2 protein chains.
Amino acid sequence: MEDAVQALEGSSMTVAGRLALAIHEHRLAPGTKLVEDEVGEIFGVSRTVVRAALQQLAHDRLVTLKRNHGATVAQPTIREAREVFEARALLEPRTARSAAERTKPDDIVRLQRHIDEEHDALHAGDAGRALRLSGLFHIEIARIADQDTICAFVSQLVARSSLIIALYWQRRNALCESHAHHALLRALAENDGASAEELMKGHLLDLVSSLDLRNLPGPPRTLAEALGR
Amino acid sequence: MEDAVQALEGSSMTVAGRLALAIHEHRLAPGTKLVEDEVGEIFGVSRTVVRAALQQLAHDRLVTLKRNHGATVAQPTIREAREVFEARALLEPRTARSAAERTKPDDIVRLQRHIDEEHDALHAGDAGRALRLSGLFHIEIARIADQDTICAFVSQLVARSSLIIALYWQRRNALCESHAHHALLRALAENDGASAEELMKGHLLDLVSSLDLRNLPGPPRTLAEALGR
DNA sequence: GTCGGCGAAATTGTATACAATGATCCACAC
DNA sequence: GTGTGGATCATTGTATACAATTTCGCCGAC
């Protein structure tokens, strides 16, 4: 089953989507260099379309683009990590509220399927896929709220969150996710906007508190990066 | 004086910045076709860099990119217009609050200068430039709040707002702007977060109410567009 | 042994060439 | 006169070629 990252036309979109998926699922680690020729060879396209894809990903802050130095998978700083979750705290709770106020039965089954698949993936040992599905749950809520603009922002923030989790996740408290999502689902099913807003707010707070955002810099990917460019 | 749109390296950034500026200042109307060869000729670069610039602008939703049909300056629908201001309502008031809590004297003079220049531009008959400066005021506040991520979102929303104003502005009530910005400036100067938040909320509401967002579709640009693609 | 610089290799930035797709216009049949 | 078909043109999509820049290894001087 191909994800919603796809469905966009144009081969550069395809390349961008597949790279994004790999990043979401933690198969491409933060800091990984993305050489245009290599990527092009892998996907069987020319550098032209690879460059377009990389530019797109750079705009979503999934890769960092430095002039004459090419693209690397982004390594959000602690500061950026905090900012991302502050932005999510501003956007998602209110969005969850308006989503709840217009949730229809169809939406519930779709969300339930996300939760189930996430559960399956986790038990199959595919943590990357589980994480990706967990993010899609949030995006789906923004979509139910019927706010394309906010949905786009949330999508971007969720994507960056995936990178942040890759860098700053601490092992303890592993399975807080499912509970929160289940509770949210129930609030949505009952069209209980106030609860949905509160639950989302709490869920996001739980998420940041499961991160290790103290002053330690994230593990640098190359020695060169560690000593400054 | 070159604007903050610039300062980005890379020639495609330059092209994107100059196009964006033209759109902000309403010198490029919504719906205008942007042919790659033409733009390239104007700026003295090849289609390669023009395409990169257009892609960037498309990501900011300033231009619409349709496969095999090229780029046009975006024409936000009424629905999109509402969404943009709903997103701004979610982001900007709280951001104004935290900006107020950390506003320093330097910031005040910078904001004051924005207001003054806006005033000058208006009296010089350069409404486009005035609008642009008015938008920069909002962006500057997000910057003072020291939130890069939210600042990027606000920048994008302000840019789209410029297009929305171009399409849906109604003549009556012309000069509500300056008062609101002045009041905001005072709240910031006094580090009064609560007031800043309220003022921003009200200011955004004023803005949408000065738009004509009833069901009439925006003026279509070409006959072909009017009859469906 | 270490530092500095020179040169080759690798990589990105930009332009151009060609292919593919869609738009336009004119001829021709009805 | 109207509508349809096809050739031509304009424009975008993609690949490739070349220039500019950076990186890395090697060599020599101190």
Side-chain angles (χ1 to χ4, degrees), chain A residues 6-19 28 31-75 220-229, chain B residues 6-19 28 31-75 220-229:
Chain A
Q6 299 307 90
L8 298 168
E9 56 189 355
S11 53
S12 76
M13 290 294 185
T14 302
V15 173
R18 297 200 26 202
L19 283 173
L28 272 172
T32 306
K33 183 92 195 292
L34 298 174
V35 178
E36 297 177 357
D37 271 330
E38 280 183 48
V39 179
E41 184 113 15
I42 289 170
F43 292 115
V45 293
S46 77
R47 280 180 53 216
T48 307
V49 8
V50 173
R51 278 178 77 83
L54 291 176
Q55 269 195 287
Q56 158 133 1
L57 293 174
H59 202 144
D60 288 333
R61 314 258 206 163
L62 275 149
V63 315
T64 302
L65 225 48
K66 275 198 317 191
R67 187 175 172 86
N68 289 323
H69 289 265
T72 59
V73 178
Q75 303 183 82
R221 249 30 193 175
T222 70
L223 266 308
E225 283 274 337
L227 307 176
R229 56 233 52 170
Chain B
Q6 298 307 91
L8 298 167
E9 57 190 355
S11 53
S12 75
M13 290 294 185
T14 302
V15 174
R18 301 208 13 211
L19 283 174
L28 272 171
T32 306
K33 183 91 195 291
L34 298 174
V35 178
E36 296 176 357
D37 272 329
E38 281 183 48
V39 178
E41 184 112 15
I42 289 170
F43 291 115
V45 293
S46 75
R47 282 180 53 214
T48 307
V49 7
V50 173
R51 278 179 76 84
L54 291 177
Q55 273 194 285
Q56 160 135 359
L57 293 174
H59 202 131
D60 288 333
R61 314 257 206 163
L62 261 75
V63 314
T64 302
L65 227 48
K66 275 198 316 191
R67 186 172 174 86
N68 288 324
H69 288 264
T72 59
V73 178
Q75 296 179 282
R221 246 35 192 173
T222 70
L223 265 308
E225 284 273 337
L227 308 176
R229 63 234 47 168

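Scope of the values below: all heavy atoms of this structure, side chains included, with no hydrogens, waters or symmetry mates. The structure presented is a predicted model; accordingly, all values stated were derived computationally and were not measured. Chain letters run A, B, ... following the sequence lines, proteins first, then strands; residues in each count from 1.
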Would you mind listing every salt bridge (charged side-chain N to carboxylate O under 4.0 Å, His left out) that reaches into residues 37-55 of chain A, with sequence neighbours excluded?
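For residues 37-55 of chain A, and leaving out neighbouring residues, the salt bridge (charged side-chain N to carboxylate O under 4.0 Å, His left out) pairs sorted by first residue read A/Glu36-A/Arg47, A/Glu36-A/Arg51.
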
Take B/Glu38 and B/Thr48, find for each the nucleotide of DNA chain D with the closest heavy atom, and name the residue whose nucleotide sits nearer the 5' end.
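Its nucleotide being nearer the 5' end, the pick is B/Glu38.
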
Closest non-hydrogen atoms of B/Ala71 and B/Leu54, given as atom of the first, atom of the second and distance, are CB-CD1, 3.9 Å

With sequence neighbours left out, the residues meeting side-chain hydrogen bond (donor to acceptor under 3.5 Å, both in side chains) with A/Arg61 are none

Consider the side chain of [X], meaning its heavy atoms from C-beta on, and name the nucleotide among [options] that approaches it most closely.
X       : options                : result
B/Val35 : D/dT14, D/dT12, C/dT11 : D/dT12
B/Ser46 : C/dG22, D/dA15, C/dT16 : C/dT16
B/His69 : D/dT12, D/dT16, C/dA23 : C/dA23
B/Val45 : D/dG13, D/dT16, C/dA15 : C/dA15
B/Lys33 : C/dT11, D/dT12, D/dA17 : D/dT12

Exactly one candidate in B/Thr32, B/Leu34, B/Leu28 meets side-chain contact (heavy atoms from CB on, under 4.5 Å) with B/Val63; the answer is B/Leu34

Value in whole Å for how far the [atom2] atom of [N] lies from [atom1] of [X]:
X       : N      : atom1 : atom2 : result
A/Glu36 : D/dT22 : CD    : C1'   : 14 Å
A/Glu41 : C/dT11 : CD    : P     : 12 Å
A/Asn68 : D/dT21 : CG    : P     : 7 Å
B/Lys66 : D/dT11 : NZ    : C1'   : 14 Å
A/Asp37 : D/dT16 : CG    : C1'   : 11 Å

Side-chain N or O of A/Arg47 versus OP1/OP2 of D/dA15: is the shortest distance under 4.0 Å?
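No, because none of the side-chain N or O atoms of A/Arg47 sits under 4.0 Å from OP1 or OP2 of D/dA15.
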
Tell me whether the side-chain N or O atoms of B/Arg67 pair up with the base of C/dG22 as donor and acceptor below 3.5 Å, since no angle test is needed here.
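Absent.
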
